[in-house]
Colleague: 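Here it is, the structure, as structure tokens.
If you read the sequence from its start, that first residue is 1, and numbering goes on from there. As a basis for the values below, the full set of heavy atoms in this structure was taken, side chains included, without hydrogen atoms, waters or symmetry mates.
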Amino acid sequence: NLVELDEAARGFGDWQLRFDEVRTALPDQTMTAITEQLDILSGDLPRILSRYMDALREDDETLASSVLADLATRLSDIEDLMVESLAQIQTRVADRMADTQRSLGLVLGS
């Protein structure tokens with residue numbers, strides 16, 4: 001069981017490292033709501049890992065699965081927020097391009 005705990009901790013730590021690399025690679029001042037949610041989640045990861053490891057130590061598969069499911073839900077919620085934010089950005093860009101084309105048409109007299 002100790003090896004399983006060690007492997008679980010190492011696997012979670014590896015995942016957390018990749019998560020933090022992605023999180024910190026996001027540009028500053030872009031999609032701040034997403035950045036805030038990722039930062040909050042990052043701050044919660046030590047507690048999540050602790051709950052997960054406690055569940056494994058207690059051999060409580062239900063709790064361990066629940067902890068991971070909660071984490072997956074939070075990540076999915078952040079993903080949904082990101083998709084929504086990207087759609088809003090795409091709409092704003094399309095609107096600006098349409099405005100630019102209309103303005104260009106007025107300048108060119110077409």
Side-chain angles (χ1 to χ4, degrees):
N1 199 18
L2 189 58
V3 172
E4 293 172 5
L5 289 175
D6 185 47
E7 288 177 23
R10 188 173 28 258
F12 194 97
D14 290 346
W15 174 86
Q16 184 176 359
L17 179 63
R18 288 189 307 275
F19 171 81
D20 282 334
E21 286 173 352
V22 169
R23 182 181 60 82
T24 58
L26 292 174
D28 292 338
Q29 306 302 324
T30 303
M31 297 188 286
T32 55
I34 295 165
T35 302
E36 288 172 4
Q37 291 303 309
L38 290 171
D39 289 347
I40 290 168
L41 179 57
S42 181
D44 289 345
L45 288 178
R47 183 184 53 79
I48 293 169
L49 174 58
S50 177
R51 289 184 58 222
Y52 179 62
M53 296 305 293
D54 287 347
L56 292 179
R57 277 188 207 94
E58 295 168 9
D59 205 23
D60 188 339
E61 186 176 330
T62 302
L63 180 57
S65 294
S66 175
V67 170
L68 294 180
D70 289 347
L71 175 58
T73 298
R74 288 180 69 181
L75 289 168
S76 180
D77 290 347
I78 293 169
E79 179 184 13
D80 291 346
L81 180 60
M82 184 176 288
V83 168
E84 181 182 318
S85 295
L86 290 173
Q88 290 172 357
I89 290 169
Q90 183 178 14
T91 299
R92 285 195 308 262
V93 168
D95 289 347
R96 286 184 183 163
M97 290 299 292
D99 289 346
T100 300
Q101 288 176 341
R102 279 191 292 278
S103 295
L104 184 59
L106 290 174
V107 169
L108 297 177
S110 48

Colleague: Quick test of your reading: applying ring pair (Phe, Tyr, Trp, His ring centres under 6.0 Å), list the pairs with at least one residue in residues 44-80, sequence neighbours left out, ordered by first then second residue.
Modeller: none
Colleague: Looking only at non-hydrogen atoms, find the nearest pair between Ala64 and Ala55 and report the distance.
Modeller: N-CB, 3.5 Å
Colleague: Ignoring hydrogens, what is the shortest heavy-atom contact between Phe12 and Leu45? Give both atom names and the distance.
Modeller: CE2-O, 4.0 Å
Colleague: Just verifying a value: how many Å separate Ser103 OG and Leu108 CG, rounded to the nearest 0.5 Å?
Modeller: 10.5 Å
Colleague: Strictly by ring pair (Phe, Tyr, Trp, His ring centres under 6.0 Å), give each pair with a member in residues 30-49 just once, sequence neighbours left out.
Modeller: none
Colleague: Would you say the side chain of Glu4 lies within less than 4.5 Å of the side chain of Leu56, judging by non-hydrogen atoms?
Modeller: no
Colleague: Does any pair with a residue in residues 17-38 pass ring pair (Phe, Tyr, Trp, His ring centres under 6.0 Å), and if so which ones, sequence neighbours excluded?
Modeller: Trp15-Phe19
Colleague: So how far is it from Asp39 CG to Thr24 OG1, rounded to the nearest 0.5 Å?
Modeller: 9.5 Å
Colleague: So how far is it from Thr35 OG1 to Met82 CE, rounded to the nearest 0.5 Å?
Modeller: 8.0 Å
Colleague: Is Arg23 salt-bridged to Asp20, going by a charged N under 4.0 Å from an acidic O?
Modeller: yes
Colleague: Tell me every residue that passes salt bridge (Lys or Arg N to Asp or Glu O under 4.0 Å) with Asp60, counting only those two or more places apart in sequence or in another chain.
Modeller: none
Colleague: Could you list the donor-acceptor pairs under 3.5 angstrom formed by side chains in residues 88-101, with sequence neighbours left out?
Modeller:
residue: Thr91; atom: OG1; partner: Ala87; partner atom: O; Å: 3.0
residue: Asp99; atom: OD1; partner: Arg102; partner atom: NH2; Å: 2.2
residue: Thr100; atom: OG1; partner: Arg96; partner atom: O; Å: 2.8

Colleague: For residues Gln16 and Ser42, report the shortest heavy-atom separation together with the two atoms involved.
Modeller: NE2-O, 4.5 Å
Colleague: Return all side-chain donor-acceptor pairs below 3.5 angstrom for residues 65-74, not counting sequence neighbours, or 'none' if the list is empty.
Modeller:
residue: Ser65; atom: OG; partner: Glu61; partner atom: O; Å: 3.0
residue: Thr73; atom: OG1; partner: Ala69; partner atom: O; Å: 3.0
residue: Arg74; atom: NH1; partner: Asp44; partner atom: OD2; Å: 3.0
residue: Arg74; atom: NH2; partner: Asp44; partner atom: OD2; Å: 2.8

Colleague: With the side chain counted from C-beta on, respond yes when Leu41 and Leu75 share a heavy-atom pair under 4.5 Å apart, and no when they do not.
Modeller: yes
